[in-house]
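In this text the structure is predicted, and so the values were computed from the model without any measurement. In what follows, every chain begins at residue 1, and chains take the letters A, B, ... in the order their sequences are listed.
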Amino acid sequence: MQHKMILSGNEGVARGAWEAGVGMGIGYPGTPSTEIVEALAKMEGPMVAWAVNEKVALEQAYGACVTGLRSLVTMKHVGLNVAADPLFTTAYMGVNGGLVIAVADDPGMHSSQNEQDNRWYALHAKVPMLEPSDSRECRDFTRLAFELSERHDVPFLLRLVTRVSHSRGVVEIDPAAEYRRRSRSYERNVPKYVVLPAHARARRVVLEENLKRLLADPDARAVNTMEITGSEVGIITSGASYNYVKEAFGDRYSVLKLGLVYPVDGELIREFAAKVRRVYVVEELDPYLETHVRALGVACEGKKYISPFFELNPQAVATSLAGAGLEPLEQLEPATPEPVAGIPARPPMLCAGCPHRAFFYLARREKIMVVGDIGCYTLGAMPPLDGIDVSACMGGGFSIALGIGTNLPEGEKVFGVLGDSTFYHSGITGAVDAVFNRRPIVPVVLDNRSTAMTGHQENPGTGRTLDGEPTVMQDPERIFRAVGFDRVLVVNAYDLEGIRNAIREAKTSRDRVAIVVKAPCRLLKESRRGPAREVARDNCTKCKNCLRLGCPALSLDGEGYPAVDPLACAGCGLCEQVCRHQAVRVQEKGVTS
Amino acid sequence: MMAEGTKRVMFAGVGGQGILLASRVLAEGLLRAGLDVKSTEVHGMAQRGGSVVTQVCFGERVYSPLAGPGAIDILVTLEKLEALRYVHFLKRSGTLLANMREIPSLPVLTGAVPYPRDIEERLASFPVSLYLIDADREAERLGNPRVMNVVLLGAMLRLAGLDGLVDWKEVVAGAVRPQYREVNLIALEAGMRLL
C-alpha cells in the first residue's frame with residue numbers, strides 16, 4: 001500500500017538512501033544541501049554524522065564503502081571543490097558498497113558565492129551523474145544510484161539544484177517499508193585500493209570499461225526518456241529545466257529528458273534528433289548538454305536563446321524560445337511589466353543581538369584590514385558595518401590574509417576572520433602556515449559555538465555530535481597555542497572595550513597574537529537575552545551613532561530619534577556602549593516608548 | 001478557482017514571519033484534496049532578516065514548483081513593502097492579499113532611505129484585486145501575535161475559494177505544536193471570516 005506524502009527534494013534523497021539500505025550518511029552543512037543529512041538522521045538505522053569538511057566527509061564515506069557499506073555524502077556545490085581530490089581518484093579505484101555523492105548547486109546564488117555548474121565535475125572526474133527534477137525522482141534516482149554504483153564499480157554523483165533540493169512535491173512511499181542495511185564483504189585488494197602509478201594505470205582502463213558498461217545498462221538508460229509529440233521541434237533538457245520546459249510548452253513539442261547527464265548517451269540523442277526537424281537544448285547555467293550535442297555533430301541551438309547565468313523558470317524559458325518561434329501554452333499578461341523601481345532593498349542582515357556585530361563595528365573604526373570568510377559573519381561586510389575588505393571561500397579568511405601579509409608596509413598587520421565551524425573546516429591549516437612562514441596576520445575566530453548560517457549544526461567546538469551525543473569540545477584558544485601563537489586574547493563578544501583593546505594589542509605587538517571572540521549565537525536556546533534597551537530623548541542628540549551598528553531592533557522614529565523595538569531587542573547592550581551621550585539605557589518597566 | 005490549468009500562489013515576507021508554515025499547510029491540504037502540488041522555498045542566507053518567498057503550484061499535473069514574473073494568480077504578502085517588491089509576479093487581474101505590517105529593512109534602519117509612505121496608493125494603481133488587511137492586529141486580538149501567518153492563510157483560502165476543499169483545521173492541527181494548536185485553529189477561522 002503506497003502512501004502519498006509531500007517531501008522536499010532533500011528529504012527525497014534521504015528517503016531513497018534509507019530505502020537503499022545506506023549504512024553511512026555524512027556531509028558538511030551547506031545551503032541548499034543541508035537537510036539531506038538532517039532528514040536521514042531522523043530515520044532509524046544508518047550511522048549519520050557531520051564531518052569537519054567535505055573532503056573529510058567524502059573520504060570517510062569512501063572508507064565505509066571499501067568495507068562494504070553503502071555510503072551517502074552530501075555537500076553544496078562549492079563543497080565539491082574541497083572534495084575534488086578524493087573524487088577524481090576514487091573514480092579510478094571504484095567501490096565495494098555503493099557510494100553516492102549528492103551535491104547541490106545554487107543557480108542564482110541565493111545563498112552562495114558563485115554558481116558553478118557541477119555537471120562539469122562528472123565529465124572531468126569521469127564520475128557518472130544522475131540529475132533528478134523533483135522530489136519523487138530524488139528518491140528514485142538515489143536508490144538507483146546505489147544499485148548502479150555497485151553494479152558498475154563506480155562512485156555516483158547526484159546533482160541537485162536549489163529548486164529541486166528546496167522544492168516540495170508528492171512522493172508515493174510505502175509506510176510499511178523497513179530499513180535493511182546493505183553490506184558486502186571486504187576483501188583485501190591492493191591493486192584496486194592502493195593507487196600506486198602502476199595500479200592507477202590499470203584502473204584508468206577499468207574506469208573506461210565501467211563507464212561503457214554503465215551506458216549499456218537498461219536501468220541506466222531507463223532514466224533518459226523521450227516524449228515524441230511532434231516532428232517539428234525537439235527539446236533536449238534535464239533536471240529542473242525539464243519542469244520549466246513542460247510547464248511552458250506542455251506536450252506541444254517533443255522532449256528528450258536526460259536523467260543520466262554523464263556519461264551522455266550519444267546514440268539516444270542522435271535517435272531523438274532524427275525524429276525532429278529542429279533541436280533546442282534548454283539547460284540552466286553552462287552549455288553542458290549543448291556542447292555534447294554539438295560534439296555529436298547534431299545541429300542545435302541553446303545558449304543563443306537561453307541565459308547562461310542565473311535561474312531559469314517557465315516564463316523565462318517561454319520568453320527566450322519565443323525568439324526561435326516556439327509558442328507557450330499560456331499567453332501571460334503580467335500585472336505590470338517591470339518590477340517596481342526605487343523601493344528600499346531588503347538584504348539579509350546580522351540578527352538583533354548577534355555576537356558578530358561588535359567586532360565588525362570596531363574593525364572599521366580601528367582602521368584594520370579584514371579578510372572575511374563564509375558564514376553569517378560575511379554579513380559584516382554590509383553597510384553600515386562595512387567591516388570586511390576581502391572574502392572568497394571557506395578557510396580563505398586566514399589563507400588570503402597570509403598573502404596580503406607579504407605586501408604590507410613594515411610593521412602593519414592584516415586580520416583574518418572566520419567562524420568556529422569554518423576554523424575546524426579549513427582554518428587551522430592557515431593558522432599553522434601563518435606561524436610557519438612568519439606572516440604578519442592576526443587570526444580571529446568569532447566563536448559562536450554553532451554552524452549558524454545553515455541552521456545550527458553541531459561542529460567540533462560544540463561538544464556534541466550530530467545525534468546529540470557528548471564528545472570532546474574543541475577550543476580555538478588551545479589550538480592556536482598548540483600551533484605556535486604566543487598569546488591568544490579571548491574576549492566577550494559584547495564587550496566593546498575588550499575587543500577594541502584586543503585589536504590594538506594584536507596590531508602593535510611583536511608577538512604572534514590570535515584573538516577569539518566568544519558568545520553563543522543569539523538563536524541558540526542557551527543564549528540568554530539581556531534586558532531590552534530604550535532611548536532617553538533628554539540625552540539623545542540625534543547623532544545616530546547607534547544606528548551604525550546596523551541592528552534590526554534600532555530605527556529612526558517619526559521625529560528623527562533612534563527608537564528601540566522592545567520585542568526585537570535582544571538586550572545585548574552594544575547600543576548603550578556606543579552611545580556617547582548616555583542616551584541608551586535599560587528599559588524601565590512599564591515604559592514602552 | 002478550480003478551473004483548468006495550474007494555479008499558482010506566492011507568499012512573500014520577511015524572515016521569521018512564518019511563511020514556510022503557511023505554504024506547507026496550503027500544500028498539504030491541496031494534496032489531501034487529491035491535487036498534484038509542488039512548492040518551492042529559499043532558505044539560508046536569504047532568511048537573515050531578508051526577503052523570504054515561497055510559491056505553491058497546484059492542479060491536475062504540476063511540473064514546475066517555480067513560477068516567474070507575471071504568472072502568479074494569488075500573491076500573499078506578510079509585510080507591506082514586500083507587496084510592492086513582488087507585485088510584478090502577479091498576472092493582470094490576479095489577487096493581491098497584503099498585510100499592513102511594516103518592517104523596516106536595513107537601508108531604512110540606518111536612515112539611508114525612508115520607508116515609503118505611499119505603498120497603498122501605489123498598490124491600488126495595478127490592475128489586480130487588492131485586499132489590504134491588518135492580520136497582525138487580528139492575531140494580537142486572538143492572544144498570540146505569531147499566528148498572523150495563519151490568519152492570512154485563512155483569508156487567502158477564502159479569497160481563492162479553497163476554504164471548503166478539505167478540513168483545513170485538521171491540516172493546521174497536524175502542522176503546529178500541540179500547545180499552539182488551539183490558537184492557530186482560532187486564527188484560521190478568524191482569517192476565513194475577515195473578508
Side-chain angles (χ1 to χ4, degrees), chain A residues 4-6 8 31-32 34-35 110-111 134-135 162-163 166-170 240 242-248 311 313-316 329-330 332-340 343-351 376 378-379 382-384 453-455 544 547-548 550-552 554-556, chain B residues 5-6 14-15 24 27-28 31 36-51 57 62-71 79 81-82 84-94 96 103-116 119 122 126-128 145:
Chain A
K4 280 188 179 181
M5 278 186 80
I6 293 182
S8 69
T31 312
T34 312
E35 300 81 5
H110 296 284
S111 205
D134 61 14
S135 301
T162 301
R163 298 300 180 179
H166 285 173
S167 287
R168 305 171 74 81
V170 183
Y242 168 79
N243 300 333
Y244 308 149
V245 167
K246 291 298 285 186
E247 197 72 45
E311 275 192 319
N313 61 56
Q315 289 66 42
L329 286 184
E330 250 181 308
L332 288 173
E333 248 196 292
T336 172
E338 297 291 333
V340 178
I343 60 175
R346 193 180 295 279
M349 57 200 293
L350 296 176
C351 304
C376 288
T378 318
L379 296 172
M382 298 288 290
M453 178 58 87
T454 46
K544 298 182 188 167
L547 296 182
R548 296 189 185 105
C551 175
L554 266 169
S555 60
L556 284 183
Chain B
T6 301
V14 179
R24 286 181 187 185
E28 176 65 27
L31 171 72
D36 191 18
V37 55
K38 281 186 178 166
S39 67
T40 185
E41 306 166 348
V42 170
H43 306 212
M45 179 173 266
Q47 273 186 299
R48 294 276 178 268
S51 268
C57 302
V62 179
Y63 286 98
S64 177
L66 177 67
E79 199 278 343
L81 181 56
E82 299 311 294
L84 208 51
R85 193 184 314 285
Y86 291 107
V87 67
H88 65 289
F89 271 79
L90 272 176
K91 289 177 181 169
R92 179 176 281 268
S93 317
L96 172 56
I103 301 176
S105 66
L106 189 57
V108 176
L109 290 168
T110 59
V113 293
Y115 192 95
I119 294 177
R122 290 169 78 179
F126 297 104
V128 300

#### Entry: Spacing of A:Ser8 atom OG and A:Glu35 atom CD [to the nearest 0.5 Å]
6.5 Å
### Query
Given that the side chain runs from C-beta out, which part of A:Lys4 has a heavy atom under 4.5 Å from chain B: side chain, backbone, both or neither?
both
### Task
Sort A:Pro32 into side chain, backbone, both or neither according to what part of it lies under 4.5 angstrom from a heavy atom of chain B.
neither
### Query
So, does B:Arg92 use its side chain to make a donor-acceptor pair with the main chain of B:Phe126 at under 3.5 Å?
no
### Most contacts with chain B, counted as non-hydrogen pairs under 4.5 angstrom, among A:Leu350, A:Leu554, A:Leu556, A:Thr162
A:Leu554
#### Entry: Region of B:Pro114 in contact with chain A, defined by heavy-atom distances below 4.5 Å
backbone
### Message
So, taking the atom named CD in B:Glu82 and the one named CZ in A:Arg346, what distance separates them when rounded to the nearest 0.5 Å?
### Response
4.0 Å
### Message
Need one label for A:Glu338: side chain, backbone, both or neither, based on atoms under 4.5 Å from any heavy atom in chain B.
### Response
backbone
### Message
Please classify the contact of B:Val128 with chain A as side chain, backbone, both or neither, using a heavy-atom distance under 4.5 Å.
### Response
side chain
### Query
Roughly how far, to the nearest 0.5 Å, is the OH atom of B:Tyr115 from the CD1 atom of A:Ile343?
9.5 Å
#### Entry: When A:Pro334, A:Ser555, A:Ala335 are compared by non-hydrogen pairs under 4.5 Å with chain B, the top option
A:Ala335
### Task
Can you tell which part of B:Ile103 gets under 4.5 Å to a heavy atom of chain A, answering side chain, backbone, both or neither?
both
### Query
Taking the side chain as C-beta and beyond, is there a heavy-atom pair between A:Ile6 and B:Glu28 under 4.5 Å?
yes
## Note on the structure
With chain A, the option among B:Ser39, B:Pro69, B:Pro65 that has the most non-hydrogen atom pairs under 4.5 Å is B:Ser39
### Summary
Under 4.5 Å to a heavy atom of chain B? For A:Pro383 that would be backbone
### Task
Go through the atoms of B:Val113 and report whether side chain, backbone, both or neither lie under 4.5 Å from a heavy atom of chain A.
side chain
### Task
Kindly indicate whether the side chain of A:Met349, heavy atoms from C-beta on, has any atom under 4.5 Å from the side chain of B:Leu109.
yes
## Note on the structure
Given B:Ser105, B:Cys57, B:Gly70, the one with more heavy-atom pairs under 4.5 angstrom with chain A than any other is B:Ser105
### Query
Is it true that A:Glu247 and B:Lys38 make a salt bridge, defined as a side-chain N closer than 4.0 Å to a carboxylate O?
no
### Query
Are any side-chain N or O atoms of A:Glu330 and backbone N or O atoms of A:Leu332, one a donor and one an acceptor, separated by less than 3.5 Å?
no
### Query
Once you round to the nearest 0.5 Å, how far does NE2 of A:His166 lie from OG1 of A:Thr31?
6.5 Å
### Task
Against chain A, work out which of B:Gly111, B:Ala71, B:Pro145 has the most heavy-atom pairs shorter than 4.5 Å and name it.
B:Ala71
